[in-house]
There are 2 protein chains.
Amino acid sequence: MSSIKEVAKQANVSVATVSRVLNNDPVVKPATKNKVLRVIKEMNYKPNMLAKNLRKQASRTIVMVLPSMSNPYFSEIARGAQAAAYDNAYNIIIGTIESKRWILDTYINMLKTNLAEGIVFVSSSVNKELLEELMDEYKIVLCTEYYPGINATCVAIDNKRAGYEATKELIRRGCSHIAYITGNRESSSVTARIEGYKEALKEAGIPYRPDRIAGAKNRFDHVKEAVNGIIGQGLPIDGIITHSDLQASYILKGIKEKSIALPERVGMISFDGTFLAEITNPTITTIVQPLYDLGYTSVHKLILKLVNESAEAGEEEGLVLLPHHMVIRET
Amino acid sequence: MSSIKEVAKQANVSVATVSRVLNNDPVVKPATKNKVLRVIKEMNYKPNMLAKNLRKQASRTIVMVLPSMSNPYFSEIARGAQAAAYDNAYNIIIGTIESKRWILDTYINMLKTNLAEGIVFVSSSVNKELLEELMDEYKIVLCTEYYPGINATCVAIDNKRAGYEATKELIRRGCSHIAYITGNRESSSVTARIEGYKEALKEAGIPYRPDRIAGAKNRFDHVKEAVNGIIGQGLPIDGIITHSDLQASYILKGIKEKSIALPERVGMISFDGTFLAEITNPTITTIVQPLYDLGYTSVHKLILKLVNESAEAGEEEGLVLLPHHMVIRET
DNA sequence: CTGAAAGCGCTTACAG
DNA sequence: CTGAAAGCGCTTACAG
């Protein structure tokens with residue numbers, strides 16, 4: 001592997017000049033530049049980024065952490081994130097926590113050891129305490145979830161409105177016993193969607209019953225239990241809203257194998273809008289989140305923070321809402 | 001951000017000693033070590049990996065490139081890869097090509113600029129020419145696909161056997177007009193599976209018809225076209241093998257919406273064994289690939305190459321086959 | 001057991 | 001327009 005020194009010698013210039021050519025400094029004379037460029041090509045020289053990073057005290061790398069990658073929900077976000085990083089000539093490291101704290105710590109360590117300049121936490125990949133601890137020292141953007149009382153940039157959809165719209169649609173179809181299968185009950189997105197749900201019920205004069213709400217992870221057994229829990233209380237269900245397409249697909253699976261006692265054509269609206277909602281039978285009506293854009297925008301905002309060191313604190317902080325829409329399918 | 005220098009001053013030792021403590025050099029006196037450790041904690045010091053990387057001429061980072069992440073097939077492989085990297089204290093950068101050459105080039109550039117020490121190419125994320133070009137200069141492992149004539153380490157399943165078993169199973173059920181929807185026809189996995197398919201047909205005395213084979217990408221329109229292409233030739237189909245669960249799910253979708261003229265209960269066996277095959281209706285019989293292990297083993301092999309510089313060339317090269325199995329479901 | 005010093009391969013302020 | 005030199009923050013061979 002040839003170094004800048006060898007290039008300099010070969011081209012009869014100083015390493016400073018080679019460096020300038022490498023960085024497109026307009027100050028170097030075209031003739032010199034061409035000579036250097038030719039030698040670089042000849043020697044097949046590639047700068048050592050390890051050295052450049054140290055010298056510039058910058059890795060031009062950011063990290064995005066996701067809870068997992070098995071749900072296509074996250075892979076779409078990751079896809080957008082990757083694109084934004086490329087568009088800004090940053091490297092991006094995408095990591096999945098898999099509910100393991102030590103994995104999360106590995107990524108945070110990259111921040112602390114200068115390997116990464118900033119981080120995007122997607123969904124509930126970080127808790128409030130950790131976030132508070134990291135916030136004043138590092139550049140952080142949240143994606144899809146925020147923490148009330150913490151003034152961090154967060155990119156998400158208008159979950160309250162989306163919850164309202166989903167509920168409204170089911171009511172329009174004549175449903176009046178609408179169950180709600182949520183994700184993590186503490187999360188901001190769940191809280192907001194439930195608010196919208198309540199509002200729509202109220203508008204329609206339907207009494208709100210907290211026991212029609214149950215939380216579940218993105219696992220078949222969890223979802224089955226949650227739905228059966230509601231049914232088991234003797235509560236009728238003629239409509240369901242779920243926190244994710246995956247949950248909705250599990251409900252369909254349960255209905256089909258008769259482990260969930262619901263009619264096959266139950267009114268159901270899920271969140272996310274991944275391709276999962278299209279391959280089930282029946283296909284699922286869903287609130288489509290702009291997943292790619294959520295990822296893209298999160299990373300873009302983070303890079304803005306990185307570049308724009310001078311911006312006064314708090315200027316860019318706050319909630320950034322991206323538009324969602326509903327796609328009506330068979331459920 | 002405090003540096004090793006400040007720690008040294010505070011602890012009344014040289015930077016050399018601090019460095020030794022940091023690297024657990026057993027030579028330092030316990031008393032000194034404790035003193036340094038205390039100061040490190042007090043100052044909340046974290047070593048700058050940018051400096052360490054340059055000094056050691058090693059990034060302890062590898063990259064894995066995947067065609068995309070939308071198929072859970074790839075996310076499982078990535079999950080295993082991530083685990084293997086952690087287990088060996090390596091950083092891993094997982095990137096998805098999305099069919100864009102310039103994205104691939106970005107990752108290869110990380111190799112060339114010392115940001116990464118080795119690379120795993122999953123599926124057909126690299127072509128033969130590029131691979132040949134990179135092979136003698138960089139540490140490379142292939143995952144799920146290999147290139148005949150190129151002596152690179154490749155971790156995969158025994159595709160020929162798997163193709164044979166899938167075909168055999170359909171024949172056992174009485175199918176004799178078995179269509180084969182493949183992925184990229186040039187790929188080693190497709191070639192091998194087709195070989196197994198032919199062998200099973202031959203054994204059963206069923207004539208092999210190349211026009212029962214059609215390639216398709218993991219997209220609904222492609223798969224639909226492929227199946228309809230075979231049907232359009234007037235060829236009956238009473239069984240199908242697909243290259244992926246995703247393709248199989250698309251066929252079910254096509255059957256249901258009647259854009260594919262096949263009976264609802266067609267005998268079908270897919271490859272991969274992702275959760276997709278469980279959420280469809282009917283659920284799909286599938287050849288389960290050890291995806292997590294494929295990812296894990298690929299990375300592990302790569303790291304072995306990295307660590308074991310001394311190993312004579314070629315020693316570790318060659319095909320590593322991991323076991324697969326069939327899961328019978330409703331199709 | 002510890003320290004002084006060289007050096008990893010770059011960038012950049014400074015001088016000319 | 002170009003070069004000499006300092007320095008980014010570490011590690012490690014060498015000397016003691």
Side-chain angles (χ1 to χ4, degrees), chain A residues 1-40 43-61 89 91 109-117, chain B residues 1-40 43-61 89 91 109-117:
Chain A
M1 193 52 126
S2 41
S3 78
I4 199 174
K5 226 170 177 171
E6 299 166 56
V7 173
K9 185 189 282 181
Q10 197 74 21
N12 262 315
V13 295
S14 71
V15 293
T17 298
V18 177
S19 175
R20 290 194 187 98
V21 170
L22 247 21
N23 292 287
N24 258 315
D25 189 332
V27 85
V28 335
K29 203 163 58 172
T32 317
K33 182 174 173 174
N34 289 334
K35 185 173 58 177
V36 172
L37 248 21
R38 189 159 35 75
V39 173
I40 286 177
M43 304 184 70
N44 195 21
Y45 166 74
K46 285 279 178 183
N48 184 333
M49 292 305 285
L50 264 27
K52 178 167 184 166
N53 287 350
L54 171 61
R55 179 53 231 247
K56 300 204 81 170
Q57 292 288 64
S59 61
R60 272 199 98 76
T61 298
N91 296 314
N109 235 3
M110 300 188 77
L111 280 180
K112 295 189 175 174
T113 61
N114 295 42
L115 281 178
E117 301 180 21
Chain B
M1 194 51 126
S2 41
S3 77
I4 198 173
K5 228 170 177 173
E6 298 166 56
V7 173
K9 185 189 284 180
Q10 196 74 20
N12 262 316
V13 295
S14 70
V15 293
T17 298
V18 177
S19 175
R20 290 194 187 98
V21 171
L22 248 21
N23 293 287
N24 258 313
D25 189 332
V27 86
V28 336
K29 200 163 59 172
T32 317
K33 181 173 174 176
N34 289 332
K35 185 174 56 176
V36 172
L37 247 21
R38 189 159 35 76
V39 173
I40 285 177
M43 305 185 69
N44 195 20
Y45 166 74
K46 286 279 177 183
N48 185 332
M49 293 304 285
L50 263 27
K52 179 166 184 168
N53 287 349
L54 171 60
R55 180 52 232 246
K56 301 204 79 170
Q57 293 287 63
S59 62
R60 273 199 97 77
T61 299
N91 296 313
N109 235 3
M110 300 189 77
L111 279 180
K112 295 188 176 176
T113 61
N114 294 41
L115 282 179
E117 301 181 20

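As the structure is a computational prediction, the values presented were derived from the model and not from experiment. All heavy atoms count here, side chains included; hydrogens, waters and symmetry mates do not.
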*How does protein reach along nucleotides 2-7 of chain D, written 5' to 3' as B (base within reach of a heavy atom under 4.0 Å), S (only sugar-phosphate), or - (no contact)?*
BBB-BB
*Where is the tightest heavy-atom contact between A:Glu117 and A:Ser59, given as atom of each residue plus distance?*
OE2-N, 3.0 Å
*Please determine, for the side chain of B:Lys56, which listed nucleotide (C:dC10, D:dC10, D:dT12) has the closest atom?*
D:dT12
*At their closest point, which heavy atom of A:Lys46 faces which heavy atom of B:Lys112, and how far apart are they?*
CB-O, 3.5 Å
*Search all heavy atoms of B:Gln57 against all heavy atoms of A:Leu50 and return the closest pair with its distance.*
C-CD2, 4.3 Å
*asked:* Strictly below 4.0 Å: does A:Tyr45 bring a side-chain N or O up to OP1 or OP2 of C:dG9?
replied: no
*Would you mind classifying the nucleic acid contact of A:Asn23 as base, sugar-phosphate or nothing, using non-hydrogen atoms under 4.0 angstrom?*
sugar-phosphate
_What is the separation between atom CG on B:Leu54 and atom C1' on D:dT12, rounded to the nearest whole Å?_
14 Å
*Search all heavy atoms of A:Ile4 against all heavy atoms of A:Ser19 and return the closest pair with its distance.*
CD1-N, 3.8 Å
*Hunt down any stem DNA chain C takes part in, defined as 3 or more consecutive Watson-Crick or G-U pairs whose two distances are each under 3.5 Å.*
C:1-3 with D:14-16, C:5-12 with D:5-12, C:14-16 with D:1-3
*salt bridge (charged side-chain N to carboxylate O under 4.0 Å, His left out) contacts in which one or both residues fall within residues 30-40 of chain B, not counting sequence neighbours*: B:Arg38-B:Glu42
*Using the C1' atom on both, measure C:dG16 against C:dT12 and round to a whole Å.*
16 Å
*Which pairs with one or both residues in residues 7-16 of chain B pass side chain to side chain donor-acceptor pair (under 3.5 Å), sequence neighbours excluded?*
B:Ser14-B:Thr17
*Rounded to whole angstrom units, what separation is found between the CG atom of B:Asn24 and the C1' atom of D:dT11?*
15 Å
*Tell me, please, which residues at least two apart from A:Asp25 pass side chain to side chain donor-acceptor pair (under 3.5 Å).*
none
*What's the CG-P distance between A:Asn114 and D:dG9, to the nearest Å?*
9 Å
*Tell me: CZ of B:Arg60 to P of C:dC8, nearest whole Å?*
22 Å
*Within this structure, what is the NZ-to-P distance between B:Lys112 and C:dG9, rounded to whole angstrom?*
19 Å
*Return the value, rounded to whole Å, for the distance between atom CG of A:Asp25 and atom P of C:dC10.*
17 Å
*How many Å lie between CG on A:Asn48 and P on D:dC8, as a whole number?*
18 Å
_For atom NZ of B:Lys5 and atom C1' of D:dC10, their distance in whole Å_ = 11 Å
*With sequence neighbours excluded, tell me which residues meet side-chain contact (heavy atoms from CB on, under 4.5 Å) with B:Lys5.*
B:Ser3, B:Val15
*Starting from the C-alpha separation in whole Å, work towards a yes-or-no answer on side chain to side chain donor-acceptor pair (under 3.5 Å) for A:Asn23 and A:Lys52.*
CA-CA 11 Å; A:Asn23 292 287; A:Lys52 178 167 184 166; 3.1 Å; yes
